[in-house]
Amino acid sequence: MATVRLLPISRWLTCVSHCVRNVSTSGGALSPERPHVSAAAFEKGCTGYYCNRNPRNLELLGLADKPKGFETKNQRVDYYHRLMLDISSRHVTAYVNHSNGVKVVEASTKEFCISRHLYKTSDVCAALNVGTVLAERCKETGLYRVMWEHKYDREHKKVKAFIKAFSRSGVRLHEPKVRKTLPSPGTLPI
């Protein structure tokens, strides 16, 4: 078994400042031309300015608006990512949908790499394994929170096993609430 050697904090800070300096000199988001940053601070890697280019950053912070939908629809639309579970007599399928309708991640017993390890593709063990595989795939894509709205009875053994395996793997079954940002002082609301 390999052991992990931790760096002392001063060595770690040196490595981080070196990485920041390399990003800033390679045309990244850090810039020495910012007027509030001194040259000495920039040489140490402390620029005080970073531009996050992640398109999902506002979703992760809870600042992006969730679509509201119509009140007369029977399905909720106020989510970023929704976890769906389909249990048939032959297979167990689970997937995560984005609010724009795109299927982001999917795991099913229809896949040979999952079904070859199972005795049956529709029992409790299959639901447990699909939950574990889907949670790992969600973490690989960067999804750590999804909305779970069930259409099955929560006391069903397959649903219980799926939820237990999915949440045990580190993905939360609720999304952050949307934060309301206040306008800056002196501006009129639109």
Side-chain angles (χ1 to χ4, degrees), residues 1-2 4 6 16 29 50-183:
M1 189 165 149
V4 178
L6 298 175
V16 169
Y50 179 75
C51 177
N52 193 338
R53 295 184 182 143
N54 185 357
R56 289 190 49 239
N57 188 40
L58 294 178
E59 287 180 10
L60 296 173
L61 294 173
L63 297 174
D65 291 331
K66 292 183 180 180
K68 300 210 183 347
F70 295 104
E71 293 180 7
T72 57
K73 288 192 98 176
N74 57 355
Q75 286 187 345
R76 290 177 57 186
V77 191
D78 58 336
Y79 61 87
Y80 299 126
H81 297 94
R82 180 173 60 179
L83 175 64
M84 299 293 291
L85 175 66
D86 292 331
I87 301 173
S88 68
S89 60
R90 296 188 68 191
H91 294 286
V92 176
T93 304
Y95 54 93
V96 175
N97 269 352
H98 192 267
S99 60
N100 61 7
V102 176
K103 196 180 287 187
V104 180
V105 184
E106 181 179 18
S108 174
T109 55
K110 296 175 187 174
E111 300 174 23
F112 178 71
C113 60
I114 296 175
S115 65
R116 71 178 177 181
H117 298 288
L118 302 173
Y119 180 70
K120 282 182 69 178
T121 58
S122 63
D123 59 350
V124 176
C125 185
L128 183 101
N129 285 315
V130 167
T132 305
V133 169
L134 184 69
E136 291 300 321
R137 290 180 183 176
C138 284
K139 289 193 294 187
E140 286 175 6
T141 57
L143 296 176
Y144 292 97
R145 290 181 169 197
V146 294
M147 185 191 82
W148 164 250
E149 185 178 72
H150 54 88
K151 62 181 180 183
Y152 298 105
D153 182 19
R154 258 192 122 101
E155 299 303 316
H156 196 274
K157 289 181 182 178
K158 293 177 189 177
V159 177
K160 272 184 167 179
F162 175 78
I163 292 172
K164 187 176 182 180
F166 192 81
S167 59
R168 188 182 289 167
S169 296
V171 181
R172 293 186 182 179
L173 293 174
H174 58 85
E175 290 188 331
K177 294 181 180 178
V178 176
R179 299 180 194 172
K180 299 292 182 188
T181 56
L182 299 173

Taking all atoms of both residues into account, what is the closest heavy-atom pair of [X] and [Y], and its distance?
X	Y	value
V92	A127	CG1-CA, 4.1 Å
A94	V130	CB-CG1, 3.9 Å
V105	C138	CG1-N, 4.3 Å

Students often mix this up, so state it plainly: with edges at 30° and 60°, are the rings of F162 and W148 parallel, tilted or perpendicular?
tilted

Dump the intermediate steps for side-chain contact (heavy atoms from CB on, under 4.5 Å) on I87 and V159, then the final yes or no.
CA-CA 9 Å; I87 301 173; V159 177; 4.0 Å; yes

To the nearest 0.5 Å, what is the distance between [atom1] on [X] and [atom2] on [Y]?
X	Y	atom1	atom2	result
N97	Y79	CG	OH	5.5 Å
R172	R145	CZ	CZ	4.5 Å
L134	E106	CG	CD	9.0 Å
H98	L143	NE2	CG	8.5 Å
M147	S99	CE	OG	10.5 Å
K157	L128	NZ	CG	14.0 Å

The test is side-chain contact (heavy atoms from CB on, under 4.5 Å); show your working for D86 and Y95 and say whether it passes.
CA-CA 9 Å; D86 292 331; Y95 54 93; 3.5 Å; yes

Derivation and outcome, side-chain contact (heavy atoms from CB on, under 4.5 Å), residues T109 and T93
CA-CA 7 Å; T109 55; T93 304; 5.6 Å; no

Can you list every side-chain hydrogen bond (donor to acceptor under 3.5 Å, both in side chains) pair that touches residues 132-144, not counting sequence neighbours?
E111-R137, E136-K139

Residue pairs involving residues 119-129 (criterion side-chain hydrogen bond (donor to acceptor under 3.5 Å, both in side chains); sequence neighbours excluded)
none

